[in-house]
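Presented below is the structure to which this report refers.
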Amino acid sequence: MKTNDLAASLAERFGRLEDRRSRWVPVWRELASYMLPRKDCFDSHSRPGAADERIFDSTPPHALELLASALGGLLTNPATTWFDIRPVDRERGDDDDVRAFLAETRQRMNRVFNSEDTGFQTHSHELYLDVALFGTSAMYVEADPACVVRFNTRPLGEICVAEDVRGQVDTVYRKYELTARQAVQEWGGDCSDEVQRQAEENPEARVEILHAVFPRDDRDPFGLGVINFPWSCVYMETATQHVLEESGYLEMPYMVPRWSKASGETYGRGPGLTALSDTRVLNAMARTTLMAAEKMSDPPLMVPDDGFLGPIRSGPGGLSYYRAGSQDRVEALPVHADLNAAQAMMDQRRESVRRIFLADQLAPADGPAISATEAVIRQSERMRVLGPVLGRLQTEFLGPVVRRVFNIMVRTGALPPLPQGMEMEDFEVRYASPVNTAQKRYEAQALQQAMEYLAPLVGQGDPNGLMDNFDQDRIARHATELFGVPADYMLSDVAVAEKRATRSQGAQAAQRAGTVERMARIAKVLSEAKMAEPSALTELVRQNGGDPLAFMNAGSQPSSGEDGHAA
């Protein structure tokens, strides 16, 4: 496509996407004004760091912050490894070189996600705030020579998106501003003449840039170069429709998770939208209650129109002059307000807002101390409730971001060399959700209950061989998966077999040594026994039809070896 035609096509499609998004903007602005004013950036009239004139109760903003922090602790906790890498062929997973590659890869990827330079933890918190408040958020993941990968959560006001036939976001148009100086630093001589002129005369002049990412339909799958990458990337100056750059991506660089989504809609709906009605009422009630309390503490005054000289001063130490002999007095206008009833109604709204933001599900359980097993069961049940709610975040954000980082690190050489005979496609890179882990721990209770039920039947030593029905090695490995034990802590099947063979050989050698020692003791006893006198030993020989004296003489004769000498 020619450059002019491409620019016109991008501008036209962006206009359509922006028009479809326009009906959501008033709702998003209202949500921001009530819960997080600094997120109000949806048009040119938005004020960065806007004041909180509409907030009279801090419960909704606080509940939002708690939910975002809880999501970070549950889903992308820096203290845990929340992703997993495994070979598609599980048999290759026991190879020493594959196990070493996986262990080193996990450590290096974990350092990237937790590094301050990449900014993942900071920007993921902003993403959780956006997705909980607006229902939609966007993170840009790009390769960076300085820190391998860089993460950047973009304001929702910059983003317009479109879905494919499966309902997944495959098109992102982002309109943002740079200074003329920054634009020239980024694209140099590819900038338009007007921008280059402004960079010299007025470096701080604002330049509006459009970044479009969409599937490339006219590519050659077997061709080389960025022009044949699956995802097209175009940067354009919106004022002049001048194309600054045309390239591509091997994976979708934008992660656009939605909290939940109605059928036929593109943008999501989050807890913030659900709590909007309660938030409106709560702030209105808080404002009215404050006015009532102010009137009660400083009520309106009833003053005769001709009884006083000069203004009425009701402040501390104020003097008001009235005519001598006048019976007129200043009286307070009676104000009757039931603040306790108002407070009770506000508490109901606060509790409703907290529940909408999942405070009851994410808060630690109150009550007396409980056992570790009961704590696991409670946590598993709680996570089972949250699983469907957070499933879309896993599908649209966490899984794609892990795969994107893994692929970038492989291509840039930031990971160890791939094992011999294996390619990137031979590894399964996925998000290992702590929520899923907590849910899986509930499975361990089934095995524990089965063992408790069979315990009376197994008895001492399992005489009936009931335990032969269980694959104990599989149970042990499955337990490590349920409780999130790192895979490199487990030995391979070959190493386990060798260890058991070595232990078995040692046991056999010890058994042979014990047998020889017992035989030596028996021989000594026989050589010292007096077979001519009645004893338990002579009685045993006679019961077996033998002669005690002959038995003693036979035991005292040396035996001959194979070469005719005494053995």
Side-chain angles (χ1 to χ4, degrees), residues 36 38-39 41 48-49 61 64-85 101-133 137-159 172 174 176-179 181-182 185-186 211 249 251-257 362 390 393-394 396-416 429-435 437 484 486 488:
L36 206 59
R38 66 181 179 87
K39 292 288 186 179
C41 54
L64 173 64
E65 291 283 354
L66 289 181
L67 176 56
S69 300
L71 291 177
L74 279 175
L75 304 179
T76 53
N77 193 331
T80 62
T81 302
W82 44 268
F83 55 88
D84 193 16
I85 307 172
F101 170 79
L102 295 179
E104 182 65 21
T105 297
R106 290 189 189 95
Q107 292 181 4
R108 295 191 185 185
M109 290 183 63
N110 203 42
R111 285 198 296 267
V112 167
F113 281 116
N114 294 337
S115 171
E116 295 179 359
D117 296 332
T118 63
F120 177 77
Q121 293 298 332
T122 300
H123 287 278
S124 63
H125 180 71
E126 292 297 318
L127 180 139
Y128 294 138
L129 285 172
D130 286 347
V131 77
L133 179 59
S137 57
M139 175 180 282
Y140 180 58
V141 184
E142 62 178 335
D144 191 308
C147 55
V148 184
V149 183
R150 187 175 297 278
F151 305 90
N152 195 347
T153 297
R154 303 311 311 168
L156 187 57
E158 296 180 354
I159 301 296
V172 175
R174 174 190 167 210
Y176 63 104
E177 288 185 348
L178 294 175
T179 64
R181 183 176 66 91
Q182 291 172 336
Q185 287 177 342
E186 180 70 20
H211 182 206
Y249 298 100
E251 303 93 21
M252 180 60 167
Y254 282 100
M255 316 299 158
V256 187
L362 299 173
L390 305 179
L393 288 178
Q394 177 176 338
E396 297 183 343
F397 168 55
L398 298 165
V401 77
V402 173
R403 288 191 292 271
R404 169 80 168 151
V405 171
F406 174 78
N407 292 342
I408 290 177
M409 296 183 71
V410 170
R411 289 193 294 265
T412 57
L415 293 180
V429 184
R430 62 187 179 88
Y431 170 70
S433 168
V435 176
T437 302
D488 53 319

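Scope of the values below: all heavy atoms of this structure, side chains included, with no hydrogens, waters or symmetry mates. In this chain, residues are counted from 1 in sequence order.
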Check whether any side-chain heavy atom of Gln121 sits under 4.5 Å from a side-chain heavy atom of Pro78, and report yes or no. yes

Is Leu36 close to Pro61 at the side-chain level, that is, under 4.5 Å between some pair of heavy atoms?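 Side chain of Pro61 against side chain of Leu36, heavy atoms only: no contact under 4.5 Å found.
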
Look up atom [atom1] in [X] and atom [atom2] in [Y], then write down how far apart they are to the nearest 0.5 Å.
{"X": "Ile159", "Y": "His211", "atom1": "CD1", "atom2": "NE2", "value": "9.5 Å"}
{"X": "Met139", "Y": "Ser124", "atom1": "CE", "atom2": "OG", "value": "5.5 Å"}
{"X": "Leu127", "Y": "Asn152", "atom1": "CG", "atom2": "CG", "value": "11.0 Å"}
{"X": "Leu133", "Y": "Lys39", "atom1": "CG", "atom2": "NZ", "value": "8.5 Å"}
{"X": "Asn114", "Y": "Thr76", "atom1": "CG", "atom2": "OG1", "value": "9.0 Å"}
{"X": "Leu415", "Y": "Met409", "atom1": "CG", "atom2": "CE", "value": "4.0 Å"}

Using the salt bridge (Lys or Arg N to Asp or Glu O under 4.0 Å) rule, collect all pairs that involve residues 400-410, keeping only residues at least two apart or in two chains. Glu251-Arg404

side-chain contact (heavy atoms from CB on, under 4.5 Å) evaluation trace for Arg106 with Asn110: CA-CA 6 Å; Arg106 290 189 189 95; Asn110 203 42; over 6 Å; no

For [X] against [Y], the heavy-atom pair lying closest together:
{"X": "Cys147", "Y": "Arg150", "answer": "SG-NH2, 3.6 Å"}
{"X": "Val148", "Y": "Ile408", "answer": "O-CG2, 3.9 Å"}
{"X": "His125", "Y": "Ser69", "answer": "CE1-OG, 3.7 Å"}

Mark yes or no for whether [X], through its side chain, and [Y], through its backbone, hold a donor-acceptor pair below 3.5 Å.
{"X": "Gln182", "Y": "Thr179", "answer": "yes"}
{"X": "Thr118", "Y": "Ser115", "answer": "yes"}
{"X": "Tyr431", "Y": "Leu75", "answer": "yes"}

Residue from Val149, Val410, Val429 passing side chain to side chain contact (heavy atoms under 4.5 Å, CB included) with Val405: Val149

Relative to each other, are the rings of Phe83 and Phe113 parallel, tilted or perpendicular (30° and 60° limits)? tilted

Please work out whether the ring planes of Tyr140 and Tyr249 are parallel, tilted or perpendicular, with thresholds of 30° and 60°.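 Perpendicular.
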
Please determine whether side-chain contact (heavy atoms from CB on, under 4.5 Å) holds for the pair Phe406 and Val402, giving the CA-CA distance in whole Å, both sets of side-chain angles, and the decisive distance to 0.1 Å. CA-CA 6 Å; Phe406 174 78; Val402 173; 5.5 Å; no

Salt bridge or not for Glu126 and Arg38, using N-O below 4.0 Å? yes

Between Arg174 and Glu158, is the closest basic N to carboxylate O distance under 4.0 Å? yes

Any luck finding a side-chain donor-acceptor pair between Ser137 and Tyr128 under 3.5 Å? no

Start with the C-alpha distance between Thr122 and Phe151, add both sets of side-chain angles, then the distance that settles side-chain contact (heavy atoms from CB on, under 4.5 Å), and finish with yes or no. CA-CA 9 Å; Thr122 300; Phe151 305 90; over 6 Å; no

Partner set under ring-ring contact (aromatic ring centres under 6.0 Å, His included) for Phe397, not counting sequence neighbours: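 Phe397: no ring-ring contact (aromatic ring centres under 6.0 Å, His included) contacts found.
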
